[in-house]
Structure formats: structure tokens, C-alpha cells
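Only a predicted model underlies this, so the values are computations on that prediction, with no experimental measurement involved. Throughout, a chain's letter reflects where its sequence line sits, starting with A, and its residues are numbered from 1.
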Amino acid sequence: MPERLRGFRDFYPEDQEIRREIFDTMRDECRKFGFREVDGPSIESVDLYAHKSGEEIMAQMFNFMDKGGREVTLVPEFTPTLARMVASRKDLIKPLKWYTLAKFWRYEEPQSGRFREFYQLNADILGSDSLHADVEVLNLAGSIMKSLGLGSKVKLKISSRSLLEDIIKYLNIEKKDTLYYLLDRWVKINEKDKENLIGELGISKEKLESIITGKIINELKSSNLDRLMKIMDEFNEYGTIKIELDLKIVRGLAYYTSTVFEIWDLEEKMRAIMGGGRYDNIISQMNGDYTPAVGFGMGDAVVENLLKREGLWYEKDKRRVFISIADDKGRKYSYYVSKMFRENGIITDVNVTERNLGKQIEYAAKMGFKYSIILGEREFSNKNVSIRDLITGEQWSMSLEEAINKLKNS
RNA sequence: GCCGGGAUGGGGUAGCGGUGUAUCCUUGGGGACUGUGGAUCCCCGGACCCGGGUUCAAAUCCCGGUCCCGGCCCCA
């Protein structure tokens, strides 16, 4: 049997129905916040990602040569596409609030919460440098968590690249990259490596720890700090999920300019559920007008892991009605009955086998249908339907109209 | 790209050099039952990841690969 490609997933109905519902929830929340849906290509030229140049990046893209000799890649993230879309349309009225839920690809080793193909929701506000845009984006993320039932299971961790710059100046740190690395890795690396890296920075362990704990902000005067505190205040004003300052949030992307944030499960056992921040420069870097922007990406894999852990991942089979057919007259009649049901919004399955009636009802019961409609010569000549409750075993005869009413309200 | 641990019917498993037509449960198909159920009984289908090697003999031991789970790197 041919095998599925490494890191790719099949989605069978029992899972796909849940995924569909989760995605619908995400889209609904975006729309409620006034975001409009966009989409982009699945393949882009690798040049689009040149701002993150380096062989490491190439190694992690799903890139290949197309038949015209172009170096292309399956899109690894949405933001560069978004920036291109915005940069090439000068007529767009700002600010823009856009979202997309699409597939993305990364050529990496699969592991928990990470695949080579994944879905990601992106929501961005473009054309406002106000902190209120940051707040709005964060409120959307918080609302999505809440409506997924994860409101009390997660927290938002927030920091600011520009605030970190202020701290770097304040402490006279020259090796900025080392500090970023150290903050990002803090919970992962061992004591020895920590000592060495702190030594490289040329600051005391106490100072570094005051960054880790966030206490350093008490001895600092900075407009970037004020801005961040204001964002946190306003986020709490709206009130969806917990928020905390965490200067360890760095994020790898080169294009973030100030606010950066992530959502984590409370115990921080998993990967970040969502990540994002403010990126004010990439659109102008693509020769567009200066367009400050803030947004986030939320992958499907970690959300799925968390929902499963919290027992919120359960079947969503919406089918309730199965039409069983007793004879040829019943078969003919079933086309009319099923059509009437469906036109009235009742999800209706119908027997498509030559099985005898007993087998049909057995099938319907096994599949978890609540009702079986039985149609045969009797029903046809009486102009009614027989309806059997497969859970209680009760059975009634009623007119088609009565049946439609009963099924619509059940 | 690197490092662990795995892989036996659709799912879950037993077997860990010979006793084998590979165990058990479950699932699937059919029948007993031509207008009524998941029970019961009967029948049927379905697996040792792939390729080399060791051996008289390999599901079992060895090597390589593939895939899965997890970790590193990286994180968009």
C-alpha cells in the first residue's frame, strides 16, 4: 500500500468534523471583530522570503525548482504574502483588518505539535501604529481562546522588542543576539551554559535575573514600557484571558519591531499556541508605502493537542435521520421524502444498498442515527411515513409535514 | 540535518530462533431473518514495514532504508 508522506496527515470524518467546527469558530470570531477574509497562493517565489536570508531558512522551506526553472516554495507562513498584497495596492483604505485560515508547509522533522503541513489562522491590522491596534488583535486572540473553551486554560505572555532595546542600552549590553538567545532558551538550557552566556554579556547574574523576572522595569523609564503597560491595561479592560509581562518572549522573526506576544497553556507544557507581534517595516521594505502592522498566527496542531488534553475534542456527527427502504414503492417514495426533508434543512441520509430492512435498521442504529424513517408500499399508499426512534425503540406513523416538524425540532 | 524509542490484519495485541494453516479481542462483509436493531449462532475476508545478511531453520538475531512517537536544531 502506498504510504502517506512524512509529516502529512489524513483527516477522517470523526476528526475532520471537529476540525471544521474549530475553524468555523475561529472564522466567526474574526468576522465578529470586523476582520475580512483574504487568501493567497500556496506557492511563492523563494525571493519573497529573502529578508530572512540564510541557508537555515532554505533548509526549512518546502522549496523546489518548477518546470520553468524558477526556485519556488510552498508557503511557510503568511506574513510575506500579506505584505506583498498590501504593498501592491495603493488604493486600500487603512487601517485594514484581514484574516486568513490556510495551509502552510515547512520541511522539518515532525514532532509533537509540529507537522510538515499545517493550518494556520492569521489575523492582522495594517495601517495603524496605535497601541489600540495591538489591543484589538490581542482581544481577538483572547476571544478565540474563550470561544474554543480554553479561556481558563491559557495565558497571554507579552513583551516588546523596543523595550528590550531600552534595557540593552540601560545595561550597556553589546552582545544583543546573545541576550535574545539566552532569554529565549532560559527554561531549556542548563546552568553551565547560562553562566557562560551571562559572562559573555558582561552583566551580573542579578541583573540578568531581573530581566527574567521582569523586575527590571521598576528601575527603568521608557516610553516603550509605558506603551506596553497601557496595552496590558486595556487588554484587561476587555477581559478574555490572563495576561502577563514576560521579557523572555523574543520570537525568532527578524521583522518584529516592538510588541511581541505568545499564548501558552498555563503549565507551559506545550509549545506556544499562538504567536505574533508588531512589524512596522516589512511593507515599506517591499517598496510599499510605510504601513505599520500588528498581527498573529495560530497553528492548528497545538490547539488540537490542548483541546484533547482538556477533553474538549469529541465527535460532532450531525446526522440524525436515515431513510430505510422496504420495497420498490418505498424506494420511489424515498426520493420525494428525502428531498422534502433536505429542503427543510434536515440532514438526511438514505439507504443506498440492496440490504433487507433489518440490515438497514441495524446499520442506522450502529452508525448512531437517532431516527430511521421507514418507507414502503404501506407508507406510500397511506401518504405518511413511519418514524422509528432508534434509541428508545418507539415507532410512529405520521404525515410528512408532522415528520418534518418533529425532525426539525429535535 | 542530528539523537532516543518503536513498527505483527482496519484498530488493539500475543509470540521474541524450530512446536505455525501466526494468538486473542475488536472491526468489516454475508447468512439464519423478503416490513423492523446493536443480542445470539454460523460462514467469510484481513497482518509479521521494505531490502539485504547470519542460520539446516527468521515475525524472532544482525545491517541498511522507510515510516511512526518523542527530543535537539530551528521556530514562521
Could you tell me whether the phosphate oxygens of [N], OP1 or OP2, come under 4.0 Å of any side-chain nitrogen or oxygen in [X]?
X: A:K359; N: B:G30; answer: no
X: A:R4; N: B:C67; answer: no
X: A:R388; N: B:G35; answer: no
X: A:K188; N: B:C73; answer: yes
X: A:R251; N: B:C75; answer: no
X: A:S112; N: B:G70; answer: yes
X: A:R355; N: B:C33; answer: no

Rounded to whole angstrom, note down the [atom1] distance from [N] over to [M].
N: B:G17; M: B:C56; atom1: C1'; value: 12 Å
N: B:G31; M: B:C69; atom1: C1'; value: 42 Å
N: B:A59; M: B:C16; atom1: C1'; value: 8 Å
N: B:G6; M: B:G12; atom1: C1'; value: 16 Å
N: B:U13; M: B:G52; atom1: P; value: 30 Å
N: B:U54; M: B:U60; atom1: C1'; value: 13 Å
N: B:G35; M: B:U23; atom1: P; value: 40 Å
N: B:C62; M: B:G45; atom1: C1'; value: 36 Å

Report the distance from atom [atom1] of [X] to atom [atom2] of [N], rounded to the nearest whole Å.
X: A:M367; N: B:G37; atom1: CE; atom2: C1'; value: 15 Å
X: A:M61; N: B:C74; atom1: CE; atom2: P; value: 18 Å
X: A:E14; N: B:G11; atom1: CD; atom2: P; value: 12 Å
X: A:M270; N: B:C75; atom1: CE; atom2: P; value: 22 Å
X: A:R114; N: B:C74; atom1: CZ; atom2: C1'; value: 6 Å
X: A:E109; N: B:C73; atom1: CD; atom2: P; value: 14 Å
X: A:K269; N: B:G70; atom1: NZ; atom2: P; value: 16 Å
X: A:Q360; N: B:G30; atom1: CD; atom2: C1'; value: 15 Å

Salt bridge [X]-[Y], side-chain N to carboxylate O under 4.0 Å:
X: A:E195; Y: A:K192; result: no
X: A:R106; Y: A:E108; result: yes
X: A:E268; Y: A:K155; result: yes
X: A:D327; Y: A:K329; result: no

Need one value for [X]: base, sugar-phosphate or nothing, where a base atom within 4.0 Å counts as base even if backbone is also close, heavy atoms only.
X: A:E379; value: base
X: A:N122; value: nothing
X: A:G358; value: sugar-phosphate
X: A:G393; value: base
X: A:G276; value: nothing

Once hydrogens and angles are ignored, does a donor-acceptor distance under 3.5 Å link the base of B:A76 to the side chain of A:Q120? no
Under-3.5 Å donor-acceptor pair between A:E362 side chain and B:U36 base: no
Ring-ring centroid check A:F35 A:Y99, cutoff 6.0 Å: no
Could you tell me if the side chain of A:R9 sits less than 4.5 Å from the side chain of A:F115, heavy atoms only? yes
Counterpart base for [N], defined by Watson-Crick or G-U wobble contacts under 3.5 Å:
N: B:C2; answer: B:G71
N: B:A7; answer: B:U66
N: B:A59; answer: none
N: B:U36; answer: none

Quick one, A:K269 with A:D265, criterion salt bridge (charged side-chain N to carboxylate O under 4.0 Å, His left out). Give me CA distance, side-chain angles, the key distance, then yes/no. CA-CA 7 Å; A:K269 285 250 162 65; A:D265 62 303; over 6 Å; no
Return whichever of A:P110 or A:R185 has its heavy-atom-nearest nucleotide of RNA chain B closer to the 5' end. A:P110
Pi-cation contact, A:Y363 with A:R355 (under 6.0 Å, within 45°): yes
